[in-house]
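Just so it is clear, the values below take in all heavy atoms, side chains as well, and ignore hydrogens, waters and symmetry mates. Letters A, B, ... mirror the listed sequences (proteins, then strands); counts begin at 1.
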Amino acid sequence: MDDLARQLTTLCSAAFAALGLDSGHGAVRRSDRAGNGDFQCNGAMPAARSAGRPPRDLAEAVAAHVRTHAPPDLLASVEVAGPGFINLVPTHGALAGRAAAIAADPRAGAGLASQPLRVVIDYAGPNVAKPMHVGHLRSTIIGDSLKRMLRFAGHTVWGDAHFGDWGYQMGLLIVAVADEQPHLPYFDDAHQGPFPDTPPVTLADLERLYPVYSARGKSEEGLRERARRATRALQDGRPGHRALWRHFVAVSRTALEREFANLGVTFDFWKGESDADPLIAGMVADLEARGLLVDDAGARVVFVHDRMVPKKDGSEGPDVPPLLVVSSEGSAMYGTTDLATILDRVRSLAPDLMLYCVDQRQADHFEQVFRAADRAGYFARAGLEHIGFGTMNGKDGKPFKTREGGVLKLADLIDMVRERARTKLDEAGMAADLPQAERATIAHRVGIAALKFADLQNFRGTSYVFDLDRFLAFEGKTGPYLLYAAVRIRSILRKAAEAGHAAGPPVIAHEAERALVLALDGFSRALMAACDQRAPHIMAEHAYGLASAFSGFYAACPILPEPDAAVREGRLTLATATLAQLERALDLLGIDVPDRM
RNA sequence: GGCCCCGUAGCUCAACUGGAUAGAGCAUCCGCCUUCUAAGCGGACGGUUGCAGGUUCGAGCCCUGCCGGGGUCGCCA
């Protein structure tokens, strides 16, 4: 069943069509201001010109048509206001009917996408040997939320972690281990295998070695050269390097999966950059054969610019720089693997859409890759989207650092949030009578909800300030507020079950009941808009609005103490429907609700 | 300098893609617990949407030019 806005859109569209005008003018939306009716249609004003009549007259004609053709008991009023706004107010009965439909709907009132697509989402992007830090958080939770929403909307969606397991950093690590343990068989040219099953390094070793060698590589040409050669040897398939590399990957992945589990995030694929490697030689040959690959300053590039523009030194340069495909060392670059990954996905999944949930700072890079893919005929530019987002900043407005100036590890951040949530819980005396294990679960969920909701409520494109005190301040527009709203409903439903209260058809009379049903009705549109715009904050906003509407209802309309059985039973249904939709909306944001708080 | 993003209440952010009197949360102030979890509810205060033009019935949103902030500009990813 359509939501109310769609039902009313159908009516208004028919009215415009009956007047010989484009039915598209019949779009109906929620009014953004109270006092102007619950819904409005603004189509009369733009339609007035083509109709050649005053907008106000046209609006009156549409309104009259709607009044006579609307199903009985749907609309309480249809009125024209201002220059030609049409304000529509549904009846209490219509809202009661809509509430009943949502309550009975396993999808909690959400519609499905009109055209199901096959979608790949590339997010998180963890790397071998590098612990995840706060920079990975946004990609992970935004990408995960998009995956959940698109899938719920009816699309076929694959989430790919896009594991950073290839390239120069692997060469650095191989050199690092070679320096520390030169006797290992991995470095013996004559040894072709087999190699030991036990990893020669722990995750701690990798995390210790990588930053040291990465820093040294920046200043020491000799080391850089060795690392490049090791990278090349790895990519060429030297057995010892490959075997050692497989240990790096396995050790890292085990640790990373544990961290993602803490965030409640999973992937359909852990495709590494290495998986694209086998395609690179053929791709390069193909690009070359078709004249797209050009020698430039010792490297080989694909030009993707539209035009030439002046540069600061007075010469001219392309408005978009070329994509570097083969380095002067003959190595694959990250643009190379990204391009090959597109080919890989096209061949294995045949998607309609590929979304890249990556830091906004890489916008130029993706523009290059996408244009190259388009020009090479691998995948149309329109199906490639960079879902960029801003950085998580400290209170000084700069990208978040620890007090010591270092990068904060994601695992430490999660520990910190969980600890703070636990402290808050203790201070507030919440859940005091519950067993330790459940209190730990609650603290974890509250902490993760605080973190995720604080992030997802912002439009992803902008940066935001990381302020744990604010996220975990359990007042206002926060994750804990949403959990609290859901938990209170659970509590009511538990008690209703104990008391043997049944639920019945919703009865809408109170203003707070109207507001709650209107909020419930907005779920479908929120889902569609959030999917279309790849914008989880629209769903976050809906969840908050729903929780807020319920809190108002909760305060104004007692449920269990209500003496009138029909009213109580109807309110119980509203509460049940609200809980189902709120839990669903939170699930779409990747947030789990505890049973009690 | 080229390309891209952002300037909205004291602070953090929205605004359904051009609609009416620009909305929330925090902070401040005033009311609500002998009623289902007060981490709550109701109310007040708070704005020349960076500035100046333009497009039209109508602009926070589109166009132009300034001002201010950020990102990025081939062999790391």
message: Among residues at least two apart in sequence or on other chains, which ones pass salt bridge (Lys or Arg N to Asp or Glu O under 4.0 Å) with A/E367?
response: A/R371, A/R381
Length of the line joining A/E225:CD and B/C75:C1', which is rounded to integer Å: 12 Å
- request: Among B/A77, B/A38, B/C75, find the nucleotide with the atom closest to the side chain of A/E273.
  value: B/A77
B/G50 versus B/G7 - spacing of their C1' atoms, nearest Å: 6 Å
query: Sequence neighbours excluded, which residues qualify as salt bridge (Lys or Arg N to Asp or Glu O under 4.0 Å) partners of A/D3?
result: none
- prompt: Does any N or O donor sit under 3.5 Å from an N or O acceptor when you compare the side chain of A/S328 with the base of B/C75?
  reply: yes
query: Going by heavy atoms in the side chains, are A/R422 and A/R418 under 4.5 Å from each other?
result: no
statement: Among B/G40, B/A20, B/C41, the one nearest any side-chain atom of A/E475 is B/G40
N/O (side chain, A/Y481) to phosphate O (OP1/OP2, B/C41) under 4.0 Å: yes
task: Identify which nucleotide among B/U35, B/C75, B/U56 has an atom closest to any side-chain atom of A/P558, counting heavy atoms from C-beta outward.
output: B/U35
query: Contact class for A/R307 (heavy atom, under 4.0 Å): base, sugar-phosphate, or nothing?
result: sugar-phosphate
Where protein sits on nucleotides 6-16 of chain B, one letter per nucleotide: B base, S sugar-phosphate only, - none, heavy atoms under 4.0 Å: ------SSSSB
query: Side-chain N or O of A/K495 less than 4.0 angstrom from OP1 or OP2 on B/U37?
result: yes
- prompt: For RNA chain B, what dot-bracket results from Watson-Crick or G-U pairs at under 3.5 Å, with [ ] for crossers and | for inter-strand partners?
  reply: (((((((..((((.....[...)))).(((((.......))))).....(((((..]....))))))))))))....
- prompt: When syn is taken as a glycosidic angle within 90 degrees of 0, is B/C32 syn or anti?
  reply: anti
Any residue meeting side chain to side chain contact (heavy atoms under 4.5 Å, CB included) with A/P594, in chain and number order, not counting sequence neighbours: A/I442, A/R445, A/L483, A/V487, A/M597
task: Decide yes or no on ring pair (Phe, Tyr, Trp, His ring centres under 6.0 Å) for A/F453 and A/F471, but give the supporting numbers first.
output: CA-CA 8 Å; A/F453 190 78; A/F471 298 172; over 10 Å; no
task: Could you tell me which residues satisfy side chain to side chain contact (heavy atoms under 4.5 Å, CB included) with A/R300, sequence neighbours excluded, listed by chain and number?
output: A/E288, A/L293, A/D295, A/V326
- line: Side-chain contact check for A/P561: nearest option of B/C36, B/G25, B/G19 is B/C36
message: Which is it for B/U72, anti or syn, if anything within 90° of zero counts as syn?
response: anti
- prompt: In whole Å, what is the span from the CG atom of A/N42 to the P atom of B/C57?
  reply: 16 Å
message: Using whole Å, what does the distance between atom P of nucleotide B/C36 and atom CG of A/L579 come to?
response: 19 Å
query: Does A/R49 put a side-chain nitrogen or oxygen below 4.0 Å from OP1 or OP2 of B/C57?
result: yes
query: Do A/D359 and B/A77 share a donor-acceptor pair, side chain to base, under 3.5 Å?
result: no
field: Rounded interatomic separation in angstrom, taking CD from A/Q368 and C1' from B/U72
entry: 10 Å
- prompt: Does anything in residues 554-565 of chain A pair up under side chain to side chain donor-acceptor pair (under 3.5 Å), and if so which pairs, sequence neighbours excluded?
  reply: A/E562-A/R571
- request: Starting at atom CE of A/M45, determine the distance to atom P of B/A59, rounded to an integer number of angstrom.
  value: 13 Å
- prompt: Which part of the nucleic acid, if any, lies within reach of A/A81 when heavy atoms closer than 4.0 Å are counted: base, sugar-phosphate only, or nothing?
  reply: base
statement: Residue pair A/F85/A/D364 against RNA chain B: nearer the 5' end by closest nucleotide is A/F85
message: What I want to check is whether the side chains of A/Y464 and A/D455 have a donor and an acceptor closer together than 3.5 Å.
response: yes
Pairs meeting criterion salt bridge (charged side-chain N to carboxylate O under 4.0 Å, His left out) with involvement of residues 535-554 of chain A, two or more places apart: A/K477-A/E541
Proximity to the side chain of A/R488 - top-ranked nucleotide from B/A20, B/C73, B/A38: B/A38
message: Can you confirm if the NZ or CZ of A/R460 lies within 45° of the ring axis of A/F389 and under 6.0 Å from the centre of its six-membered ring?
response: no
task: For nucleotides B/U8 and B/G46, find the distance between their C1' atoms and express it as a whole number of Å.
output: 13 Å
- prompt: Between B/G40 and A/S551, is there an OP1 or OP2 to side-chain N/O distance shorter than 4.0 Å?
  reply: no
message: Pick the closest RNA chain B nucleotide for A/R596 and for A/R224 by heavy atoms, then say which residue is nearer the 5' end.
response: A/R596
query: So A/H305 and A/F303, would you call those rings parallel, tilted or perpendicular, with 30° and 60° as cut-offs?
result: perpendicular
query: Residues two or more places apart in sequence or in another chain: which of them pass salt bridge (Lys or Arg N to Asp or Glu O under 4.0 Å) with A/R375?
result: A/D306
message: Can you list, in residue-number order, the parts of residues 165-172 of chain A that come under 4.0 Å of RNA chain B, counting heavy atoms only?
response: A/G167, A/Y168
task: Using the P atom as the reference point in each nucleotide, state the distance between B/C26 and B/C5 in Å, no decimals.
output: 33 Å
- prompt: What is the distance from NE2 of A/H501 to C1' of B/U35, rounded to the nearest Å?
  reply: 13 Å
field: Whole-Å distance separating the OH atom of A/Y334 from the P atom of B/A77
entry: 8 Å
- request: Mind calculating the distance between CG (A/L482) and C1' (B/G40) to the nearest angstrom?
  value: 13 Å
- line: Those residues at least two apart in sequence (or on a different chain) that pass ring pair (Phe, Tyr, Trp, His ring centres under 6.0 Å) with A/Y481 are A/Y544
field: Residues which pass ring pair (Phe, Tyr, Trp, His ring centres under 6.0 Å) with A/H501, listed by chain and number, not counting sequence neighbours
entry: none
task: Would you please confirm or rule out a distance under 4.0 Å between OP1 or OP2 of B/C76 and any side-chain N or O of A/R228?
output: yes
task: Would you indicate what A/A428 reaches in the nucleic acid, counting non-hydrogen atoms under 4.0 angstrom: base, sugar-phosphate, or nothing?
output: nothing
- prompt: Base, sugar-phosphate, or nothing: which does A/A48 touch, judged by heavy atoms less than 4.0 Å apart?
  reply: nothing
